[in-house]
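The structure appears below as structure tokens.
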Amino acid sequence: MAELTYDFNMNRFKNRLDTFKDWPFTEETGSCCTAVKMAEAGFFHSANDSADVARCFVCLKELEGWEPEDNPFEEHRKHSPKCEFLLLNKKEEDWTVQEFLELETKRQISRMQKIIELKTKEYLELAEHVQSEMEKLV
């Protein structure tokens, strides 16, 4: 659950960019999915088991297995075409206050949906375990 609260400050480009300190793809290596392009596409580096996991700060779509030639915007559109960040189609400095607040609302909806999914999965696993234990008593 801590990982879902981590993304709270990721609505700022600079904060997203700062998460890519150990990102394996750089301009020096000729990569298309550099830290800057990833952050511009709404991603932040999600410290996980894999060195190349990135998550969108709005739709929370997590992608890994990046290749040097991958275009972050194209990959984001392909895997999450209804992401509100992509649909807004504006740079952060061009957002109005209303757009920022609407985007933040959509982000919080995504976050709550993710929490509900995780809690439902936990509940179903626990229910299955309890049912299994009860069957052993019969």
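Numbers here are sequence positions counted from 1. Being a predicted model, the structure only gives us computed values, none of them experimental.
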* To do: For Arg107 and Val58, indicate whether the former's side chain and the latter's backbone hold a donor-acceptor pair under 3.5 Å.
  => no
* Validation row: Phe100, Glu92 side chains within 4.5 angstrom (heavy atoms) -> no
* Asked: Taking side chain as C-beta onward, heavy atoms only, is Lys14 less than 4.5 Å from Asp18?
  -> yes
* Enter the distance from Glu67:CD to Asp52:CG here, rounded to the nearest 0.5 Å. => 8.5 Å
* Structure fact -> Across all chains, not counting sequence neighbours, the side chain to side chain donor-acceptor pair (under 3.5 Å) partners of Glu28 are Thr26
* To do: Check salt bridge (charged side-chain N to carboxylate O under 4.0 Å, His left out) between Glu27 and all other residues, then give those that pass, not counting sequence neighbours.
  => none
* To do: Just do the salt bridge (Lys or Arg N to Asp or Glu O under 4.0 Å) check on Glu40 and Lys37 with the steps written out, would you?
  => CA-CA 5 Å; Glu40 287 174 343; Lys37 289 180 183 177; over 6 Å; no
* Would you say Ile115 and Tyr123 are hydrophobically clustered, going by side-chain heavy atoms of ILVMFWY under 4.5 Å? -> no
* Asked: Any side-chain donor paired with an acceptor under 3.5 Å for Gln98 and Glu102?
  -> yes
* To do: Just jot down the ring-ring contact (aromatic ring centres under 6.0 Å, His included) partners of Phe20, sequence neighbours excluded, or say none.
  => Trp23, His45
* To do: Would you check if Phe44 and Val53 make a side-chain contact, meaning some heavy-atom pair closer than 4.5 Å?
  => no
* Asked: Between Glu75 and Lys78, does at least one N-O distance fall below 4.0 Å, as a salt bridge requires?
  -> yes
* **same_hphob_cluster(Leu103, Val97) at 4.5 Å side-chain heavy-atom cutoff** => yes
* Is NZ or CZ of Arg16 both nearer than 6.0 Å to the six-membered ring centre of Phe85 and within 45° of the ring axis? -> yes
* Using the rule that two of Ile, Leu, Val, Met, Phe, Trp, Tyr join whenever any of their side-chain heavy atoms come within less than 4.5 Å, decide whether Phe73 and Phe57 are in one cluster. => yes
* Quick one: OG1 on Thr120 to CD on Gln113, what's the gap to the nearest 0.5 Å? -> 11.5 Å
* To do: Could you tell me whether Asp22 atom CG has more than 12 heavy atoms of other residues or ligands within 6.0 Å of it?
  => no
* **Polar side-chain atom of Thr96 near backbone of Glu99 as donor-acceptor pair, under 3.5 Å** => yes
* To do: Working to the nearest 0.5 Å, report the span between CG of Leu17 and OG1 of Thr19.
  => 7.5 Å
* Residues Cys56, Ser80; criterion side-chain contact (heavy atoms from CB on, under 4.5 Å); working and verdict -> CA-CA 9 Å; Cys56 172; Ser80 191; over 6 Å; no
* Is any side-chain heavy atom of His76 closer than 4.5 Å to a side-chain heavy atom of Cys59? -> yes
* Flag yes if more than 12 heavy atoms outside Glu128 fall under 6.0 Å of its CD atom; otherwise flag no. => no
* Would a distance-only check, ignoring hydrogens and angles, find a side-chain to backbone donor-acceptor pair under 3.5 Å from Thr105 to Leu101? -> yes
* To do: Indicate yes or no: at least one non-hydrogen side-chain atom of Leu88 is less than 4.5 angstrom from one of Trp95.
  => yes
* **Nearest heavy atoms of Asp70 and Gly65, plus distance in Å** => OD2-O, 4.2 Å
* With the side chain counted from C-beta on, respond yes when Val36 and Phe13 share a heavy-atom pair under 4.5 Å apart, and no when they do not. => yes
* Can you check whether Lys121 reaches Glu125 side chain to side chain, under 4.5 Å on heavy atoms? -> yes
* To do: Could you tell me which non-hydrogen atom of Pro72 sits nearest to which non-hydrogen atom of Phe43, and how far apart they are?
  => O-CE1, 3.7 Å
* With the side chain counted from C-beta on, respond yes when Pro68 and Cys33 share a heavy-atom pair under 4.5 Å apart, and no when they do not. => no
* Structure fact -> Residues Trp66 and Ala54: closest non-hydrogen pair is NE1-CB, 4.0 Å
